[in-house]
Every structure is written in structure tokens, then in C-alpha cells.
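Data first, discussion second: the structure below is written as C-alpha cells.
Labels below follow one simple rule: chain letters A, B, ... track the order of the sequence lines, proteins then strands, and each chain is numbered from 1.
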Amino acid sequence: MAAEDLPSEFDVVILGTGLAESVVAAACSRVGQRVLHVDRRSYYAANWASFTFNALLTWIQEIQAESLSEEVQDRSSLVEEGEELIYLSGSDSASISNLQVFCYVSEEAEEEEEPANTTEEEEAGAAGEGAAKEPSETESAGSKEEEAGEAAEGDEQAAQEQGEEPKADQPQPSAPPSQSEPTRKKISYTQLVKEGRRFNIDLVSKLMYSRGSLVDLLIKSNVSRYAEFKNVTRILTYRHGSVEQVPCSRADVFASRQLSVVEKRKLMRFLTSCVEETEEHQAYNGRPYLEFLREQQLGDNLQHFLLHSIAMVTEDTLTKVGLASTRHFLRCLGRYGNTPFLFPVYGLGEIPQCFCRMSAVFGGIYCLRHSVSCLIVDKDSNRCKAVIDSRGQRISCSHFVVEDGFVGADRKVATPTRLLSRAVLITDASVLPGDSEQQVSLVTVPPTDGRPAVNMVELSPSTMTCIPGTYLVHLTCQSVGSAYEDLSPVVTRMFCMAECQDEENRPAVLWCLYFNMADGSGVEPEGHDLPSNVYVCSGPDGALGHEHAIKQAESIFLKILPEEEFCPPAPNPEDIIYDGENTSPTSIGEEEEEEGLTAAGGEGEEKQQEQQEEETSLQPEE
Amino acid sequence: MSMEDYDYLFKIVLIGNAGVGKTCLVRRFTQGLFPPGQGATIGVDFMIKTVEIKGEKVKLQIWDTAGQERFRSITQSYYRSANALILTYDITCEDSFRCLPEWLREIEQYANNQVVTILVGNKIDLAEKREVLRQRAEDFAEAQSMLYLETSAKESDNVEKLFLDLACELIREAKQNKLDNSDTAPMPGEGKTISYLSCCNIN
Ligand SMILES: Cc1cc2nc3c(=O)[nH]c(=O)nc-3n(C[C@H](O)[C@H](O)[C@H](O)COP(=O)(O)OP(=O)(O)OC[C@H]3O[C@@H](n4cnc5c(N)ncnc54)[C@H](O)[C@@H]3O)c2cc1C
Ligand SMILES: Nc1nc2c(ncn2[C@@H]2O[C@H](COP(=O)(O)OP(=O)(O)O)[C@@H](O)[C@H]2O)c(=O)[nH]1
Ligand SMILES: [Mg+2]
């Protein structure tokens, strides 16, 4: 395409298309600012992106290839009297580390599936081979073999050789199909690649609290019209070596088979009593929540559920915080479904893109594969007055918003680098098979012997993130060691690797990826050695929700435009009716009533009954 | 607003190089205008037009690119859950035709499998400046199993036909799907209707 030049003057230039940057872009365009939004990458959403399987393999390759650090071009010729340059960093590859890939399925198609589109096959195949090469970190990951035992050795082989000769996978004529899952059939690597476009694999793993600030913002701004959402249908927890469902809604509690009648009554009483703060609560404020729970004589089961799955806190969390979390959980419950959470259809990477679309609709100019190489700072005012883009064009701006990764380390406040450990698995069955194969589950794995608590999200094909017959499992924790060290113990406990014959009937892992990502909550929003009109957005944080990025975006917006409203509702196109002859729009709804989110196709018919009873259609809260 | 009076709702998405006339086609069809007023698209996400076909009311929700095609930066989410794609080029601009394979790759990546795609050669009022022969475009469309139509947003040639043909095709497919999938619920996002459910709050 002809390299059209960008306009040379904007109000706000934004580099990076992560969630916070994209929200700022939408908010600024919405109130009439001229916004230029660029990203060096060829895809949207930075470390918040979702990839098809093939695109993920390419991403892996790129990370492993180590970014060829672009030559810093001397731009001093573009500087005028009284100005100085700040060079930005060319890439942010440092935010991902310890990447390891394992493949446990055969290269050969073992079963004739319906012929899929074959056009992608070649390039994807090539990418696959590249991905099979392990990064050097793998070899040095010393603790690995002990951890995962012989399985790991086999895996490593499989992973390294997957391009040529998968040793691990023999057809398993003798393996009887498991009883609970008669349809479980083998999926080959070729099939993953062939149907790769039907995967949407997120780099981050988060959920949307149904009353969290992201959902509120999506509704308020009408950005919700660009996406659809599924309910998270179950909350599970891993306990005593098995996976159990956590009863969390009233309906769940009554339907629960794990709880005794006494426990049910206790739980209901406890949850009801939580809603209002009492003197008893206050008395415990400074003491651990666990102590408070013990005092309630709830018993082990309930205590576990309440601490790890409902409050989602640790044993030493204070009662004040634990209760606040519990209340928040309860507040979010039942807005859209039986759990407090939603998940976007096609993955979380849709969310930043939805905000970018909103920005574009209001005139924002979008340009991927394009970067800003330096800032031009006015020496007197210490403000950034222009940027120079990767093509050497000078573009003036009043504000500059930048993803943390593009800011050179020399300019940043030194903070201890915190990392998140991530694992992504493609599996062949649910960790807790149920009546429906389309469950979307949050699984809490409490901390064990010094290892951090792990959040696990299991997505079914109904979320359009994986192909039928598979599940996409995301694991996340604060890192202690490498992602592999932190998470593979959980993976080996809860899953079997595809070739093994598992008596416990655990789901098989077909393919998996481990990596560490910089924890965005470790980035200081302020205090960097940067001009006052330059605002730094951090990458994804480790929390389950999106609070951090949304709060950050709002605060940046308010610094840029203190007088303006943050993301007022966009007019609803449904209200602009053109019918044939009549050439003028009939009406444009300015004051929109709350529209709500599109909750796609309800799951769990079995619950429908109870839910309906509870659904007293309240007016949206203000 | 939720209980609207239509039998079908389809999401139609326009793509193609900048300048080929996508916005003009939408405006011509929905408003009967050419050229559309400057800057008029600001803040408008999509246009709605309800048409009647063989006694059935069909609501067309027509999405424009919001300018993101200018630097080849269309968001994937734009393609999601589109029922039909109008891939447009300008018959007076060879380059806009040569870019079609690139657009097809993007469609293949992000649009859903059953999406109906129609190739449109626009600006036939500029016959003397034609750079892409009709036969060439027809052959290309056929090879990619796309429908093909030539239009002029300026003269309002074939614009109505474009959208009505598309609507007919979508109805035909919808009826077919209903037969085929009578016992399996459509996957969300692959379904043929889009609905904005209002939220229900409970406590
Ligand atoms: C432990 C915890 C973790 C949360 N994690 C997320 C998340 O990851 N993503 C998300 O979207 N929302 C999260 N929330 C909810 C979020 O912080 C807000 O509470 C939410 O936006 C609801 O806002 P509100 O105005 O309804 O409630 P608010 O009035 O803001 O908060 C209700 C109560 O929750 C307490 N609270 C709020 N946030 C936290 C927190 N992070 N830790 C401890 N107490 C808190 C407040 O002090 C208050 O007592 C979390 C809440 C809690 C309690
Ligand atoms: N002659 C002629 N010009 C057209 C036609 N359609 C669009 N144009 C012109 O082509 C230019 C680009 O049109 P526009 O709709 O903005 O293209 P878009 O970028 O694809 O949305 C404008 O100058 C239009 O006036 C047409 O059918 N005939
Ligand atoms: Mg246009």
C-alpha cells in the first residue's frame, strides 16, 4: 500500500495499543481531540493480545529471535532552537521471558476430520517448525526434571522434535476411551495448525467482574456494542487432589451435593451477614480473615471456599480486606449469571480493539507497524511538543501517551521488576466434566508449600477461543521462579500429558506454552524522568480483573483533559434511522439509557429455573 | 427498542482500500446521498436500513471501516460476527484491485467461515478511466467463489441491487442453516442474528 503520510498535527499521540492506551484513545477522540494511535507491532493490543494458534507460533518465534534492535537513527536535524530529543526504546521484548513450548501430540493426522481450509497450511507449518526450537533457557532450567519427572524429559523431546519425528505419540489402539467422555478423540498437531484460526489465545488471563470498572465503562461508553460476552459458568477449586465446584450463588448452594444441610444453612447465613458491616466485623478488621472465618465455626469446606474461591485472598489477608472482597464478589454475583464474571467471546484481546474502534469512529487515526522513535521536548517548559515517527516525520502534539515498554530504562524510576508466570494449555477435556461441555470455569488453586496461589481459567469452545473437542486453559500466578518452575507442578498434578494412559482420567495436555511477563502493577505511573505531558501506561497486571488498567486510563485522561467527561455514551446508531426518501437523520439519541452488555447464549439450562426467579429486572444502578 | 419489528437482522461489513467508495456506497444506499457531507461519519458506527424482501422485513446493519483501512490497521473485532462482507475496489484504480488478495487473507483469518462475500467494482460512471476489465474481476471473483457486481455510488447504479441481492442471499442461507442445524444451537458469534440484550440485575 502506498505509504501515505500521516497528518503532521495532533492533540494526542499514543504509542502502544494495550488496554490502558486504547481506553485513553477512545476517551480523547470521543470528546473531540485529534488522536494519532500507533503501534510498532503488526497486531493490536500489545501484551493484551489474543492470537490464532498460528499467529501465536509466530509471536513465539519473534520473541525467541530476540528483537533485532533497530538502529537508532540520528534525528537531531529535525530539532530546532530550544528543543531537545528523547529517544524511545525500539522494542519492548524485555517484557516476555523464559518462554518454553511443549507439544504432546503427533504431527500426523490420525483421524480424518472434515477438510479444513488448507490455504494457511504452508505458512503455519513453517511457523510450527520454528516454534519447536526451544529457547536456550530450557536447557538451563535445572529444577525441571525433578519437578516433572520422566514426563518432562519425554516432553522436551517431543517439543524439540515435533517438526520431524514425534516420538511420543503412538496410536493408542489399546487405550479404552474413557467412560465419562466417550467422544474424547485424539487431535493431532496438524489439526491444531489447520484449524489454528479458530483459536484465540490470550497472552493475559483475566476475567471481567460484572460490576467492575471495565464492565461499567463498556456499558457507559457504548463500547460494549463491539463485543459479546459469555458468563463464566462455574467456580472450581483444587483441593485434596481433586477439583470441586464452589457453590456461590443461592441456587448453587441449594443445589450443591457436596454440602450438608447444616453447611448450606451456615453458608447462607454467613453470606447474608457479610453484606452489611457489623461491629463484629470491625472488631476483626486488623486480624487475618482466616481467624475471623475460623471464629464463625464454618468448618473446613466452607472456610476453604470462602477464603480461596470467594474472597480469593491468602491466609494472612486482613479481615477488612477479606470481607471487602467477599462483598464485592457477592455484589457481582447474578448480574449476568451464576458467577461474578464475564469473558469476552473471541478472547480478551478484543477489548482493547473495541476501544480502538470507538476512537476511530470518532476520528482517531490508526497505524500499526508504525512507531515513534523520539520525542521533541521544549527545553524551557519541559513539555513534549512533537514526536518523530519511525519514518522520520515530525508530528506535533500537545500530549503523548506511551506504553511502558517503549520508555528507555534510563528514564524510568527504578522499581524491582516483578513478573507474572503464565501457562497456556490446549487440553482435550475439562478438569471437571459436567453435563454441559461448554462450561467456562475459574479454578482457584490455593498456595502450597511456598508456591503462590494460581488462578486458572478454563475456556470452552463456546467462547470462540478454541476448537471443538479442546479446552484452552490459562494459568497465572505471581512468579517466584520461572513460569515453568511455578506452574508445571500444578499442571502435572491436574493434567496428564497426551501420551500417558491416565487411570485418574485427567484431561490430556495437547500443547502448552510457559512464559513470564512483566507485571504491570509494578510500574510506577509517575515520577519518571519525562516531560510533564508524557504519560506512561503499564502493561497487564496479575489481578484477576481489569481495575488497574481502567483506573490508570481514567487518571491519564483526567490529567490531559481535566474538564471533560470520561467516555460519555456514544450515540446509538440504532436511533439514527434513514428510510429511503427521508434524507435527514430522524434522531440521534444523546442521552442514552443504559444498554447493557450482550451476554451471548445462556449456558447451564439446568440453572435457568432458579435464575429466572432471581431475575427481578432492576433498573441499572447509578 | 428491543422488540423490533423485523424478521431478519444481518450485519454487513465493508472493506477495501481507502478511496474506493465504501462510505459513498453506504451513504447512497441508506440516505440516497452523494457525495456525503464532509466529516459526517464522525461518531457513526454503522447505518441501519430496513428493507422488505418477499414480504419479509430485513434489517441491515451496515458497518464502515471508520478509516482504519487507510493504514492497513483494521481491528480484527470489526470482522467478528459479520454475516456478509462487501469487498470493494475501484475499477479506475488497478492498485485497489491488486490489493484484493491481501484483503482476502484478512477475511480468512478473522471473519467467520460462513460469511457471504461479494466483490464490488465501484465507480463505473468513470468508464473512460477504467483500469480493471470486467472479465478479469469476474474471473477473480469466481475463482474465490464470491459474487460480483459493478456499481456507481455517484450515479446510484446497482447500489440498491447490491444490498438487496445480499439480503436475498443471506435470507437463503439463513433458511438453509435453519434446516441444517435444526437441532444444534448456533455457536455464539456464529449465529445469524446479533442482539444487544439489556442487562438484568438481580440481588
Ligand atoms: C480483593 C479484591 C480484588 C478485586 N479485584 C478486582 C479485579 O481484579 N478486577 C476488577 O475489575 N475488580 C476487582 N475488584 C473490584 C474493584 O476493585 C472494585 O471494587 C469494583 O470496581 C467495584 O467498584 P464499586 O464502586 O462497586 O465498589 P467500591 O466501593 O470501589 O469497593 C467496594 C469495597 O471493596 C474494597 N475494594 C475495592 N477494591 C479492592 C481491592 N482491590 N482489594 C481489596 N479491597 C478492595 C473497597 O475498599 C470497598 O470496601 C476487586 C475487589 C476486591 C475486594
Ligand atoms: N466518480 C465516482 N466517484 C466516487 C464514487 N464513489 C465514491 N467516489 C469518490 O471517491 C472518493 C472516495 O470515496 P469514499 O466513499 O470516501 O471512499 P472510502 O475511503 O472507500 O470510504 C470520494 O471522492 C468520492 O466522491 C463513484 O461511484 N463514482
Ligand atoms: Mg470511508
Over all heavy atoms of both residues, which pair between B:Phe71 and A:Asp5 is shortest? Give the atoms and the distance, please.
CZ-O, 4.1 Å

Would the number of heavy atoms belonging to other residues, nucleotides or ligands and lying under 6.0 Å from CD of B:Glu142 be above 12?
no

By a 4.5 Å heavy-atom criterion (distance strictly below it), what part of B:Ser96 contacts chain A: side chain, backbone, both, or neither?
neither

To the closest 0.5 Å, what do you measure between CD (B:Gln76) and SG (A:Cys356)?
11.0 Å

Checking the side chain of A:Tyr366 only, and the main-chain atoms of B:Gly67 only, is there a donor and an acceptor separated by less than 3.5 Å?
no

Determine whether a donor-acceptor pair (N or O, by modelled atom type, separation under 3.5 Å) exists between the side chain of A:Arg197 and the backbone of B:Ala111.
yes

Is it the backbone or the side chain of A:Asp39 that comes under 4.5 Å from a heavy atom of chain B, or both, or neither?
neither

Approximate separation, where rounding is to 0.5 Å, of B:Ile74 CD1 and A:Tyr44 OH
8.5 Å

How many angstroms lie between CZ in B:Arg80 and CD in A:Gln353, if you round to the nearest 0.5 Å?
7.0 Å

For A:Arg357 and B:Asp64 the tightest heavy-atom approach is NH1-O, 2.8 Å

Nearest heavy-atom contact between A:Cys354 and B:Ser77 is N-OG, 4.3 Å

A:Tyr346 side, atom OH; B:Tyr110 side, atom OH - distance, nearest 0.5 Å:
13.5 Å

Please walk me through it: do B:Phe46 and A:Arg225 pass side-chain contact (heavy atoms from CB on, under 4.5 Å)?
CA-CA 11 Å; B:Phe46 53 81; A:Arg225 73 166 70 116; 3.9 Å; yes

What is the minimum heavy-atom distance between B:Arg70 and A:Pro7, and which atoms define it?
NH2-CD, 4.2 Å

